[in-house]
Protein chains: 2
Amino acid sequence: MSTRREAVHQALTASSGFRSAQDLYADLRADGSKIGLTTVYRALQALSDSGDVDVLRTDEGEAVYRACDTENHHHHLVCRVCSTAVEIEGPAVERWAAEIGAQHGFTGVTHTVEVFGTCAECSKG
Amino acid sequence: MSTRREAVHQALTASSGFRSAQDLYADLRADGSKIGLTTVYRALQALSDSGDVDVLRTDEGEAVYRACDTENHHHHLVCRVCSTAVEIEGPAVERWAAEIGAQHGFTGVTHTVEVFGTCAECSKG
DNA sequence: CAAGTTTTGACAACCATTTTCGTTTTCGCC
DNA sequence: GGCGAAAACGAAAATGGTTGTCAAAACTTG
């Protein structure tokens, strides 16, 4: 793992929620790094390929990334204000998705599940 | 509902799976319509605002649309080859998502659930 | 230090989507 | 049927996230 890739991974780990590539680029530059935007994208792609970070799309189509604690398949509960994310697991959902697929004769079934809301902290204001 | 919007809605209804705005534009032009790309986007936005069509994002970030049979909240089982979509309902998932959100103090909880796979027909080939 | 390989980053290219803006169509009203 | 305002339309340009290009920089190895 090259130095730049480590820097991106670290910047991601330092933040609690999902960040976009552009966000991370801004973070790194703000910290004095001379990294380029291209490299941030490359690092994120490599990290997601190797399973070190999770990727998902916002409703606006922007890709956002997060360094996750567990390596297992899991989903997220994301605050739509501060974008803090909680990792959640749902055995029931996994089973349900597999079952639905099988019922309709589908093979190679995968699924995406993301839950959005406003977290307790942000609900106060 | 204007004529153009009807045309877009009809083109969408005529197809069994999810189509992108660009796909629909190509379809309509192929049918001899002189519709513009701008109008297709506007029609789709209006249709999704009024709840007449469902929108979701592919993994590549492209927005895809579908005219659905029921007006209720539901999800889809989409073939990743021919993009045929089956409407599915999962009371269990709805409950699960609401519960998870509540457990973590989140308010205004919403969720996105999409299931992808290869349909029986496309699995044959 | 030299030659070869990998990584980097400024910049241009892409592509879906949105905005702009002048033109056309629609619709209510005479 | 004719008129004018308002809405709809569409071509072209702008936007913005993401990817491709390519030469320079950094690292490796002999």
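Order of the sequence lines sets the chain letters (A, B, ...), proteins ahead of strands, with each chain counted from 1.
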Side-chain H-bond candidate by donor/acceptor type, A:His111 with B:His75, under 3.5 Å: no
Whole angstrom value for the distance that separates P of D:dT21 from CZ of A:Arg42: 12 Å
Rounded distance in Å - CZ (A:Arg5) to P (D:dC27): 16 Å
Distance, rounded to the nearest Å, where B:Gln45 contributes CD and D:dG10 contributes C1': 16 Å
side-chain contact (heavy atoms from CB on, under 4.5 Å) evaluation trace for A:Trp96 with B:Val113: CA-CA 11 Å; A:Trp96 171 81; B:Val113 175; 3.8 Å; yes
Could you go through residues 115-125 of chain A and list every donor-acceptor pair under 3.5 Å that involves a side-chain atom there, pairing it with any protein atom two or more places apart or in another chain?
| residue | atom | partner | partner atom | Å |
| --- | --- | --- | --- | --- |
| A:Ser123 | OG | A:Thr118 | O | 3.3 |
| A:Ser123 | OG | A:Cys119 | O | 2.9 |
| A:Ser123 | OG | B:Thr107 | OG1 | 2.9 |

Atom-to-atom span, CG of A:Leu44 to P of D:dG17 - whole angstrom: 14 Å
Closest heavy-atom pair and its distance - A:Arg19, A:Leu24: CB-CG, 4.0 Å
Atom-pair distance (CD on B:Glu62; P on C:dT17), nearest Å: 5 Å
Nearest-angstrom distance from the residue atom CD1 of A:Ile35 to P of D:dA26: 15 Å
N/O (side chain, B:Thr39) to phosphate O (OP1/OP2, D:dC9) under 4.0 Å: no
A:Tyr41 side chain near D:dT19 phosphate (N/O to OP1/OP2, under 4.0 Å): no
Spacing between B:Arg4 atom CZ and D:dC9 atom P, to the nearest angstrom: 7 Å
Show the distances under 3.5 angstrom between N or O atoms of the protein and N or O atoms of nucleotides 11-13 of chain C.
| residue | atom | partner | partner atom | Å |
| --- | --- | --- | --- | --- |
| C:dC11 | N4 | A:Thr38 | OG1 | 3.2 |

Check ion pair B:Arg66-B:Glu87 (N to O, under 4.0 angstrom): yes
Distance-only donor-acceptor check, side chains B:Asp52 and B:Ser50, under 3.5 Å: yes
Separation of atom CD in B:Glu6 from atom C1' in C:dT26, rounded to whole Å: 14 Å
For the student: nearest non-hydrogen atoms of A:His9 and A:Ala67, plus distance: NE2-CB, 4.4 Å
Proximity to DNA chain D (any heavy atom under 4.0 Å), residues of residues 17-28 of chain B only: none
Polar side chain donor-acceptor pair, B:Tyr65 to B:Gln45, under 3.5 angstrom: no
CD (A:Gln10) with more than 12 external heavy atoms under 6.0 Å: no
